[in-house]
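The block underneath contains the structure these notes are about, expressed in structure tokens.
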Amino acid sequence: MTAARWRHSGALSIPVHDYDPQTIERKWQRRWSEERAFEVTEDPSRPKYYCLVMFAYPSGHAHVGHVRNYMIGDVIARMKRMRGCNVLHPFGWDAFGMPAENAAIKNESHPERWTRANIAHMKSQLQRLGIGYAWEREFATCDRDYYRWNQWLFLKMYERGLAYRKRSSVNWCPGCRTVLANEQVVEGGCWRCGAGVEARDLEQWFLRITQYADELLDRIGGLEAWPRKVLTMQQNWIGRSEGARVRFALLAAGGSDTAGNDAIEVFTTRIDTIHGATFVLLAPEHPLVDRLADESPDAAGFRDRVGRFRALDRMARLTGQLEKEGFDTGRRARNPFTGEAVPIWVANFVLADYGTGAIMAVPAHDQRDFEFARKYGLPVRVVIQPDTGPRLAGETLEAASSAPGTVVASGEFSGLPSAEAVKAMTRAAEARGIGRGEVQYRLKDWGISRQRYWGTPIPIVYCDACGVRPVAYEDLPVELPDVEVFTGRGDSPLAQVSEFVSARCPSCGAAARRETDTMDTFVDSSWYFYRFCDPHNRTAPFRPESVRYWAPVDFYIGGVEHAILHLIYSRFVCSVMRDLGLVTHDEPFTRLLTQGMVLRDGAVMSKSKGNVVDPDEMTATYGADALRLYEMFVAPPEKEIEWTDAGLEGSARYLGRVWRLVTPFAPAFAAGAGSTAGAGGAVGAASAAPAPRLGAAERALRRKTHETIRRVSDDLDPRVHLNTAVSALMELVNETYAYCERTRLGPFAGASGEAAPGPDAPAGALGVVREAIEALILMLAPFTPHLAEELWESIGHAGGVTAAGWPEFDPDIARAEELELPVQVNGKVRAHLSVPVETAEAEVQRLALADPHVQARTAGQQVVRVIVVPRRLVNVVTRPAPAQRGGEH
RNA sequence: GCGAAAGUGGCGGAAUGGCAGACGCGCCGGAUUUAGGAUCCGGUAGCCGCGAGGCUGUGGGGGUUCGAGUCCCCCCUUUCGCACCA
């Protein structure tokens with residue numbers, strides 16, 4: 001239903017419709033699709049720009065929070081396209097993963113059916129929002145033509161020793177019934193379902209990310225266009241620490257002789273405190289613990305205590321609170337620096353999987369060791385005296401002192417500053433063969449085995465004769481078999497599909513058994529951005545030349561929740577691909593923007609909370625353009641926003657206002673009014689009109705137009721302050737309305753309906769309005785593309801806004817002619833001066849001092865200084881005048 | 001506990017060390033309208049004042065500066081990240 005009012009324009013009657021987003025949006029979406037408007041090919045003659053949003057997990061329905069980053073990406077992509085860049089802006093689906101499998105178990109259907117249906121629905125949602133993707137490049141990671149290259153990459157890594165298998169204690173999620181990577185354990189729980197993580201011993205495949213730890217860490221400094229927060233998180237996650245590995249010889253039970261060659265190796269960053277190491281602590285899971293239990297006179301009691309530690313610790317760590325506890329093993333080890341026999345305890349707070357799983361305890365200089373020592377009455381020996389403050393003594397110490405200082409009570413090392421002692425003692429340990437300098441990382445190798453169906457099969461075969469064999473490249477892909485019914489029983493669904501499990505050994509041809517685990521889905525997402533460069537390649541993951549053209553990604557947008565998972569894996573895979581000769585750059589993402597979430601009632605939108613806002617509903621009521629504009633305007637992209645219907649209405653109202661401003665002029669503009677014949681450029685059409693002939697109001701509107709172009713251009717690129725760009729466009733509309741009101745033009749043409757200027761309209765009026773309106777439409781185009789295209793066409797332009805290009809501003813026009821300068825006296829504004837811009841500083845100073853308000857404030861004062869900040873302000877600094885007499889000669 | 005970021009009107013938010021509160025929401029008033037809605041115009045930090053104008057004001061307290069929301073130090077609060085990494 002279209003409400004149409006009728007207005008008269010000259011002899012003709014033309015309809016002036018209200019803004020009707022539904023019709024306009026459908027029209028332009030159809031046209032973009034028909035024209036394949038966002039498809040691109042490699043074109044060396046133009047600057048490329050790769051704009052990417054993190055692809056989506058097809059969970060079912062996108063809400064207004066999900067689509068925010070797609071909108072941000074679309075604004076940037078459209079703006080860059082208007083600026084003449086060859087823009088790659090693709091989209092795809094991170095389609096493997098557990099929700100699909102869980103849904104399949106619940107519905108007794110197939111994960112693929114659920115996944116494909118969700119993809120179809122979400123794709124239509126994105127299209128309805130007018131997001132301009134190169135849909136011909138779309139793929140899903142569950143496509144066999146995609147995941148075969150996961151397998152290919154895995155084999156390449158296997159060849160280079162970067163993929164390996166080992167039995168290890170892994171994080172097992174009982175809720176999802178699969179193993180989790182360290183990165184996927186959050187506060188002791190599963191990142192996805194929250195269930196408490198258990199320890200299990202399993203044979204697992206790992207990717208050797210630790211081999212790249214130093215490289216990944218070092219290059220953090222070069223990621224200048226990444227949020228500092230993300231870089232800090234990655235730095236902490238890699239967790240490099242320099243220290244030393246030192247051997248404490250194990251003494252035989254009940255004696256002081258060393259037990260053969262047995263030793264406890266500890267890792268420490270403070271070898272300078274080793275003379276204060278009065279005991280040694282083992283993690284409950286340390287390999288030596290079981291042996292010490294065997295050799296203990298009370299083996300059963302020993303085992304019982306260790307067992308309790310092992311079982312309880314993970315649960316206790318969930319809550320973050322763990323009372324430090326331990327027990328004496330009854331055995332001793334020799335401190336290699338003091339020669340002393342020190343007790344060996346098992347302690348619940350020592351981590352098995354960091355360093356060597358054993359530590360030397362220096363209670364005087366480490367708070368944890370201090371608490372432990374005080375609890376169990378173990379000796380505390382001060383070996384570092386801080387450079388300031390009172391002298392420390394072990395007996396009276398109330399807390400450990402970890403500050404550096406001077407080494408004491410440490411034999412030949414006494415007197416050294418602690419930093420130097422670290423070096424000297426490390427050298428000494430190496431010389432005596434009892435230790436060496438070592439670097440430890442918090443980062444662990446990436447465990448990728450998952451005991452689930454809906455993922456990429458790991459292309460490995462186990463042969464009784466030949467052992468672990470990689471599947472031959474020509475036999476890829478190892479396809480997921482069809483499984484009829486998903487029951488969720490059993491740990492590894494593929495293991496129950498006998499046709500899948502039985503295989504031939506790639507080496508000897510004998511009957512063999514296939515690997516039945518699938519890959520972590522983070523493998524899929526660690527290189528998808530390269531596949532977009534050449535998505536249909538059937539003989540390679542991509543053509544290196546295509547990636548060389550498009551990559552690295554210039555602008556990457558996604559949530560901070562991927563700061564250490566996806567973004568560290570992708571950096572790692574990029575380095576591996578570089579070493580494989582596939583890519584030529586070191587880092588995959590030049591600039592990263594982490595967008596804020598959309599909240600409602602203060603909470604993140606989620607189906608379970610029942611607070612989701614459906615973009616389809618908003619679009620049906622207000623239009624996609626209004627929704628887009630609202631989400632870009634309400635806050636800076638990196639900030640979270642609180643959803644309000646009123647805010648969305650405000651944006652819709654603004655677009656109606658734009659519509660009512662432009663449409664009355666459309667017939668006249670389409671007929672050429674206000675433009676200069678032969679003036680090709682969009683904006684600048686009026687600039688051919690000689691400026692001196694324009695009146696002050698006309699010049700002011702032109703200035704606003706050009707200043708707005710400057711501001712918006714700057715806000716979009718490189719700053720990406722989308723909210724202030726929109727507010728500048730709102731100001732331009734307000735100012736154009738004000739001008740039209742004053743000249744009775746357009747929306748103010750009155751009952752007679754004159755869209756064209758009457759005989760008394762100022763010279764050049766239509767020209768300056770046309771210039772303002774054309775600039776406005778073009779700058780709105782990235783935000784509200786449908787409305788912009790429609791209005792652009794309505795004022796007589798064929799060929800669309802992209803071809804029209806981004807408007808240029810003229811600095812001379814953008815500059816104000818007159819300045820309103822505030823004049824401060826002692827920092828407080830007391831007057832304003834109106835001066836021409838070119839006024840000399842001395843003249844400004846003279847005018848300021850002559851101003852009556854300033855005079856009133858400076859009377860009886862001595863003017864000490866006058867500060868003139870060109871184009872900004874004047875500040876007159878005074879102080880009380882000296883007494884009259886003292887001032888005379 | 002450690003680390004990072006942030007605290008600005010009734011609300012969302014603007015401000016390369018230079019007039020704090022742009023723009024929007026909400027609210028108030030006017031025009032138009034039979035009326036309402038929509039639309040157009042104007043007002044809107046607080047306090048004092050009829051007014052001109054004045055005083056106060058960016059979580060609190062110090063400091064640097066002619067000038068501080070912005071820079072420095074201390075404290076408070078919130079959010080996020082890490083959480084026994086030896």
Side-chain angles (χ1 to χ4, degrees), chain A residues 3 18 186-188 227-233 235-237 239-241 243 266-270 273 277 281 313 316-317 320-322 324 347-351 353-362 365-369 371-372 402 440-444 560-561 563-564 629-630 633-636 638-651 653-654 656-657 660 711 721 723-731 733-734 737-738 740-741 747-748 820-832 853 864-879:
Chain A
D18 284 336
V186 180
E187 287 184 5
R228 184 167 306 275
K229 177 185 175 164
V230 173
L231 298 178
T232 306
M233 285 169 73
Q235 205 167 336
N236 293 340
W237 188 261
R240 183 190 152 100
S241 61
V266 302
F267 175 74
T268 176
T269 56
R270 291 296 302 273
T273 63
L281 295 175
D313 286 5
R317 280 173 194 156
Q321 286 300 321
L322 181 68
K324 286 178 186 51
N348 61 350
F349 69 92
V350 177
L351 302 174
D353 54 0
Y354 182 77
T356 60
I359 61 170
M360 65 178 208
V362 186
H365 305 294
D366 182 288
Q367 184 59 26
R368 297 157 298 187
D369 300 345
E371 287 167 25
F372 195 84
S402 57
Q440 282 287 337
Y441 298 92
R442 217 183 86 113
L443 182 73
K444 307 271 187 319
V560 247
E561 65 271 21
I564 40 181
L629 190 76
Y630 166 63
F633 172 62
V634 68
E638 14 329 73
K639 241 199 107 156
E640 61 188 27
I641 59 181
E642 174 71 31
W643 179 267
T644 62
D645 288 346
L648 174 56
E649 275 175 41
S651 292
R653 197 145 58 215
Y654 169 74
R657 196 165 150 80
R660 287 185 297 276
R711 277 176 65 188
H721 288 194
N723 56 329
T724 52
V726 174
S727 77
L729 293 173
M730 288 174 169
E731 282 184 52
V733 167
N734 291 344
Y737 261 83
C740 288
E741 184 187 25
F748 298 92
E820 175 103 331
L821 283 183
V823 182
Q824 299 179 331
V825 177
N826 295 324
K828 288 192 187 274
V829 179
R830 299 299 183 190
H832 291 269
H853 291 101
V864 181
R865 229 174 126 183
V866 180
I867 291 148
V868 178
V869 183
R871 293 165 186 274
R872 301 307 299 228
L873 60 45
V874 181
N875 189 13
V876 179
V877 186
T878 71
R879 71 164 168 240

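In what follows, chains are A, B, ... by sequence order, proteins preceding strands, each numbered from 1.
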Partners of A:N734 by side-chain contact (heavy atoms from CB on, under 4.5 Å), sequence neighbours excluded? A:R657
Contact under 4.0 Å: A:R442 side-chain N or O vs B:A83 OP1/OP2: yes
Among B:C84, B:C82, B:C66, the nucleotide that comes nearest once only the side chain of A:I564 is considered: B:C82
May I ask you to verify if any side-chain N or O of A:K828 is less than 4.0 angstrom from the OP1 or OP2 atom of B:U56? yes
Do the side-chain N or O atoms of A:K639 get closer than 4.0 angstrom to the phosphate oxygens (OP1, OP2) of B:G13? yes
Give a yes or no on whether the backbone of A:W643 and the side-chain of A:Y630 come within a donor-acceptor separation of less than 3.5 Å. no
Can you tell me how far C1' in B:G13 sits from the matching atom in B:U64, rounded to whole Å? 30 Å
Has A:K324 got its NZ or CZ under 6.0 Å from the middle of the six-membered ring of A:F349, at an angle within 45 degrees of the ring axis? yes
Taking the same atom, P, in B:C50 and in B:A14, what whole-Å distance lies between them? 38 Å
Could you tell me whether the phosphate oxygens of B:A4, OP1 or OP2, come under 4.0 Å of any side-chain nitrogen or oxygen in A:R228? no
With P as the reference atom in both, quote the distance from B:G10 to B:C75 in angstrom, rounded to an integer. 29 Å
Determine the Euclidean distance between corresponding C1' atoms of B:G18 and B:U70; express it in Å to zero decimal places. 11 Å
So A:Y737, base contact, sugar-phosphate only, or nothing? Heavy-atom distance under 4.0 Å. sugar-phosphate
How does protein reach along nucleotides 14-26 of chain B, written 5' to 3' as B (base within reach of a heavy atom under 4.0 Å), S (only sugar-phosphate), or - (no contact)? SS--BB--BBSSS
Would you write out the dot-bracket form of RNA chain B, 5' to 3', with Watson-Crick and G-U pairs under 3.5 Å, [ ] for crossing pairs, | for pairs to other strands and . for unpaired bases? (((((((..(((.....[....)))((((((.......))))))((((....))))..(((((..]....))))))))))))....
